[in-house]
S.K.: 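Dropping a structure here in structure tokens format, bear with me for questions.
Just so you know, these numbers come straight off a predicted model, no measurement behind them.
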Amino acid sequence: MALSRHDINIILAAVSVSTLVVISMFIYAIVSAPKPESFSTLGVVGPSGYASDYPTQVSPGEQFTLGVTVENHENRIEYYVVKVKIGDIRTEHSEKKAADLPTEKEYEKILRNGESWEFYVHLTINKRGRNYKVIFELWIYNEKSSRIEYTGNFAYIWTDAV
Amino acid sequence: MGKTVQYILLTILLLISLTHAKGVYAETTLQEAQQRINEAKIAIYDAYNICVEAEEAGADVSSLVGKLNNAIDLLTEAKAFLSEGDYTNAKIKATLAKSEANQVKIVAQDLKSQALFRKWLESIIIPIGATLLLVIIAIFMYKGWTWYVKKREAEILKMKIRLPEDKEEETE
């Protein structure tokens with residue numbers, strides 16, 4: 001049976017309305033879908049893996065160990081760099097500004113989303129003194145700027161070298 | 001006596017030239033090791049960039065992340081050798097890191113292309129399929145409606161007009 005011009009117009013109108021409805025539903029679903037929060041975490045623990053056993057006192061020239069944990073919840077792979085710096089009570093640093101100190105040690109790893117990275121850092125303070133601030137900063141490689149950038153995540157412990 | 005002086009002078013000259021030659025050799029190796037480390041670092045960053053792009057395109061880059069981390073570890077070892085003055089091993093490790101990163105780069109590029117093609121195919125097939133489905137549904141609805149209307153018309157045409165006299169006849 002051949003369709004008349006009137007019939008075709010009706011079909012086209014029905015298809016157009018249905019297409020519009022489907023497209024609107026798709027757009028609504030995309031726009032209203034909640035985006036998962038993205039963040040990274042940095043944590044420092046003592047040599048036995050607990051936060052309670054930080055070395056609050058070390059011997060000058062003697063090696064001490066700290067555990068570091070980094071977690072990726074950025075919903076993508078991320079290139080992390082952990083910088084370890086040793087300062088004192090006058091050292092200034094915040095979420096916006098990294099400590100202006102030389103990097104004692106540097107660790108790099110790429111993590112998948114949801115993956116965590118645990119490693120131990122062995123440090124030595126050679127000079128006798130009090131209130132040493134051992135700072136751990138989390139940096140990431142930004143592929144857009146092709147630079148390693150400070151994330152604002154940091155952790156530190158106080159220790160005396162006596 | 002003259003010959004002894006000549007021998008001594010020659011020996012001194014030989015020693016100087018050997019020391020000089022050794023110095024040039026060490027300097028070149030250091031430069032080479034540093035250059036190779038820089039090249040490896042760039043290769044790792046490049047490979048990472050392509051991995052990010054591939055993941056954004058929808059590819060699974062889990063296995064590549066592991067290989068890239070191996071390259072990072074090799075680079076760390078290369079840096080350690082460099083700081084110890086072992087330029088030969090530094091160069092070897094950096095070369096291995098660069099090679100590993102380049103392999104990741106090739107595979108990531110491939111995965112990215114495949115993922116982009118899949119995405120493109122989906123972006124074509126889904127709207128075309130949805131439109132076709134809608135057209136089919138619309139045609140079926142229209143045909144169904146016209147069939148129903150015709151059936152109803154046929155039923156109406158089959159109906160007879162019944163007068164009150166006919167009803168009386170029937171009762172008699």
S.K.: Given heavy-atom pairs under 4.5 angstrom as the criterion, report whether the side chain, backbone, both or neither of B:Leu134 touches chain A.
M.R.: both
S.K.: Which answer fits B:Ser62, side chain, backbone, both or neither, if we ask what part of it has an atom under 4.5 Å from a heavy atom of chain A?
M.R.: both
S.K.: Could you tell me if the ring centre of A:Tyr141 sits under 6.0 Å from that of B:Tyr48?
M.R.: yes
S.K.: Under 4.5 Å heavy-atom distance to chain A, tell me which part of B:Leu75 shows up: side chain, backbone, both or neither.
M.R.: neither
S.K.: Less than 4.0 Å between a side-chain N and a carboxylate O, is that true for A:Asp88 and A:Lys133?
M.R.: no
S.K.: Suppose we call two aromatic rings close when their centres sit under 6.0 Å apart. Are A:Tyr79 and B:Tyr45 close by that rule?
M.R.: yes
S.K.: With respect to A:Ser40, which candidate in A:Glu71, A:Glu78, A:His73, A:Glu74 satisfies the side-chain hydrogen bond (donor to acceptor under 3.5 Å, both in side chains) definition?
M.R.: A:Glu74
